[in-house]
Amino acid sequence: MHFCRNAFDVKHYGCTGTAYAPQTKGVEINAGLLSKEVSDNYYLNIMLTVNGKNGNYWLWGAEYTHQVADYRDLQLPLEAYTGEVGYSLQLLGDARKTITLNAGLTAIAGYETINRSKAMLYDGSVILDKNNFIYGAGGRLSFETYLSDRFVLLLQGRTKVFWGTDLKQFRPSAGVGLRFNF
């Protein structure tokens, strides 16, 4: 299988794929873990990507994160709804760009809630941390491989740094994703 990267490839190899063709758009869906407790600490996001030159791409996305904090016999939900925009650079890749290693930086803004905005607990305790608008920056390292002309499998390690939060400022995560290029 040979992926088309330019008009030369189409003419000489007869391929029709769109791997890393400039201005190719894609939709990426990712899921991952925020800590070792799989069932309660996870993220889900959807991203729009627009390829640039040399395997680099712009990305825009929306994300939901869910974590829990233990309080006596309760698990208090800590949720965040964020949007992000950024750019990813190809660091390494094979000649056909079917397997690549990319690093990206993003700007992030959103809103976080603690215990679904319920400050009073069953025993009369009051949660002092507040819901907040949050902002920050993120970094991601992604291993990407084409499964076909249009589908890309991603393995990611990410970290985000937030300001305006009453929760953890640094939030690492790891996940897997699938991108469909139009």
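All of these numbers come straight from a predicted model, not from anything done at the bench.
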Going hydrophobic residue to hydrophobic residue with side-chain gaps under 4.5 angstrom, can you get from L141 over to Y87?
no
With E144 as partner, the option from T98, L153, L154 fulfilling side-chain contact (heavy atoms from CB on, under 4.5 Å) is L154
Do the non-hydrogen side-chain atoms of T24 and V50 ever get within less than 4.5 Å of each other?
no
Atom pair NZ/CZ of K160 and F162 - distance to nearest 0.5 Å
5.5 Å
For the side chain of D166 and the backbone of K130, is there at least one donor-acceptor N/O pair under 3.5 Å apart?
yes
Shared hydrophobic cluster, L155 / V27 (ILVMFWY, side-chain heavy atoms < 4.5 Å):
yes
Under the 3.5 angstrom rule, does the side chain of H66 hit a backbone N or O of Y43 as a donor-acceptor pair?
no
Proximity of Y135 and F133 rings by center, below 6.0 Å:
no
Grab the two heavy atoms, one from N181 and one from G26, that are nearest each other, plus how far apart they are.
OD1-CA, 3.6 Å
Separation between CD (Q67) and CG (L34), nearest 0.5 Å, reads 5.0 Å
Pair Y146 and F151, ring centroids less than 6.0 Å apart:
no
Return each pair, listed once, that meets salt bridge (Lys or Arg N to Asp or Glu O under 4.0 Å) where at least one residue sits in residues 98-125; pairs must be two or more places apart or across chains.
R72-D123, E79-R116, E112-R171
How far does OG1 of T113 sit from CG of N132, to the nearest 0.5 angstrom?
10.5 Å
Quick check on the 6.0 Å ring-centre criterion: do Y81 and Y111 meet it?
no
Tell me whether the guanidinium CZ or amine NZ of R179 lies under 6.0 angstrom from the six-membered ring centre of Y57 and within 45° of its axis.
yes
What I'd like to find out is whether the side chain of I99 reaches to under 4.5 Å of the side chain of F143, using heavy atoms alone.
yes
Parallel, tilted or perpendicular: rings of W60 and W58 (30°, 60°):
parallel
Heavy atoms of N30 and N45 approach each other most closely as ND2-OD1, 2.8 Å
pair N41-L33: side-chain heavy atoms closer than 4.5 Å
no
In the hydrophobic clustering that connects Ile, Leu, Val, Met, Phe, Trp and Tyr at side-chain heavy-atom distances below 4.5 Å, which members other than Y71 occupy its cluster, ordered by chain and number?
L74, L76, L78, I114, L121, Y122, I127, L167
Minimum-distance pair of heavy atoms, taken over all atoms of G61 and M47:
CA-SD, 3.5 Å
Distance only, no hydrogens: is a donor on one side chain within 3.5 Å (strictly under) of an acceptor on the other, for N131 and S117?
yes
Counting only N and O atoms by type, is there a donor-acceptor contact under 3.5 Å from the side chain of N51 to the main-chain atoms of Q23?
no
Could you measure the distance from the CZ atom of R140 to the OG atom of S173? Nearest 0.5 Å is fine.
10.5 Å
Closest non-hydrogen atoms of S88 and N102, given as atom of the first, atom of the second and distance, are OG-CB, 3.3 Å
Work out which heavy atom in F182 is nearest to a heavy atom in R150; give both atom names and the distance.
C-NH1, 2.8 Å
Do you know which two heavy atoms are closest between I134 and G164, and how far apart they sit?
CG2-O, 3.8 Å
In terms of hydrophobic clusters joined by side-chain contacts under 4.5 Å, are F180 and V176 together?
yes
Candidate pair E63 and R158, rule salt bridge (charged side-chain N to carboxylate O under 4.0 Å, His left out), full reasoning:
CA-CA 13 Å; E63 180 169 289; R158 311 175 327 155; 2.8 Å; yes
State the CG-OG1 distance between N54 and T100, to the nearest 0.5 angstrom.
12.5 Å
